[in-house]
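Heads up, the thing below is written out as structure tokens.
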Amino acid sequence: MKNAKIPKRSPPLAALFALFAAAGCGSVLEDQPAGSDDDGATIQAEMVQDLAQAKEKYLDLAEAIPESAYGWRPDEGVRSVSEVFMHVAAANIGIIAGVLNMAPPQGADPRWYDGQNAESITDKATVVRALDASFAYVAEVIEGSSDARLTEPVNLFGSDTTVRGALLLVMTHFHEHLGQSIAYARMNGVTPPWSGG
């Protein structure tokens, strides 16, 4: 390490901003509506797009895994296939309904978003319905949230954040468990449908 080269330092951020402004680029950012990027896409639209892709993968995977494997778990004390799916459905609905103080989706079985009972649901048809309803609910909440609503403060498990922060937690949570579910599927000889080709 004695002879390691020290990389050159980047120009200070203030200098970069000054160059940016001098080049007349500052107005590009000023002209954008709140919550949108330079193409006019809103944060809400981008979140819903990501959500839709994850939902499709979850539903494809839940359908591809045989019901006989829904009770499979990699080790004692670890969630089974169906428990992971229902954990995700419960979090999708429960975090939003609880933290954001919103009504759960109409027609949803209360067991779907009760963290204590959701994971006891093991039949494939109900699991798929719960996943579908939970992702639709998250999309509806995001689409119905104004920029002002997204920045409202909320308390999330003892920490201060915003509505946007709570929604991002929901999204990072289901992405985390999507990876887990893909691994579970492959350990049961199921190739995720979207990567089968």
* To do: State, with a plain yes or no, whether a side-chain heavy atom of Q44 is found less than 4.5 Å away from one of L150.
  => yes

* Side-chain donor/acceptor of S82 to backbone N/O of Y70, under 3.5 Å -> yes

* Asked: Does a donor on one side chain sit under 3.5 Å from an acceptor on the other, for T126 and D123?
  -> yes

* List in chain and number order the residues that pass side chain to side chain contact (heavy atoms under 4.5 Å, CB included) with E56, two or more places apart in sequence or in another chain; answer none if no residue qualifies. => D60

* **Minimum side-chain heavy-atom gap Y184-P74 below 4.5 Å** => yes

* **N/O donor-acceptor pair under 3.5 Å between E67 side chain and K124 backbone** => yes

* Would you please name every residue forming a ring-ring contact (aromatic ring centres under 6.0 Å, His included) with Y58, sequence neighbours left out? => F135

* To do: Considering only NZ, NE, NH1 and NH2 on the basic side and carboxylate oxygens on the acidic side, decide whether E152 and R164 come within less than 4.0 Å.
  => no

* Asked: Do V128 and L59 come close enough that some side-chain heavy atom pair is under 4.5 Å?
  -> yes

* Assess whether atom CG of N101 is packed by more than 12 heavy atoms of other residues, nucleotides or ligands within 6.0 Å. => no

* Examine the side chains of S134 and R129 and answer whether a donor and an acceptor come within less than 3.5 Å of each other. => no

Expected list for residues 169-177: side-chain donor-acceptor pairs under 3.5 angstrom, two or more places apart:
| residue | atom | partner | partner atom | Å |
| --- | --- | --- | --- | --- |
| T172 | OG1 | L168 | O | 3.2 |
| T172 | OG1 | L169 | O | 3.1 |
| H173 | NE2 | H87 | NE2 | 2.9 |
| H173 | NE2 | H177 | NE2 | 3.3 |
| H175 | NE2 | D50 | OD1 | 3.4 |
| H175 | NE2 | D50 | OD2 | 2.8 |
| H177 | ND1 | Q180 | OE1 | 2.6 |
| H177 | NE2 | H87 | NE2 | 3.4 |

* To do: Report yes if the side chains of T42 and D147 come closer than 4.5 Å at any heavy-atom pair, otherwise no.
  => no

* Asked: Can you check whether I95 reaches F157 side chain to side chain, under 4.5 Å on heavy atoms?
  -> yes

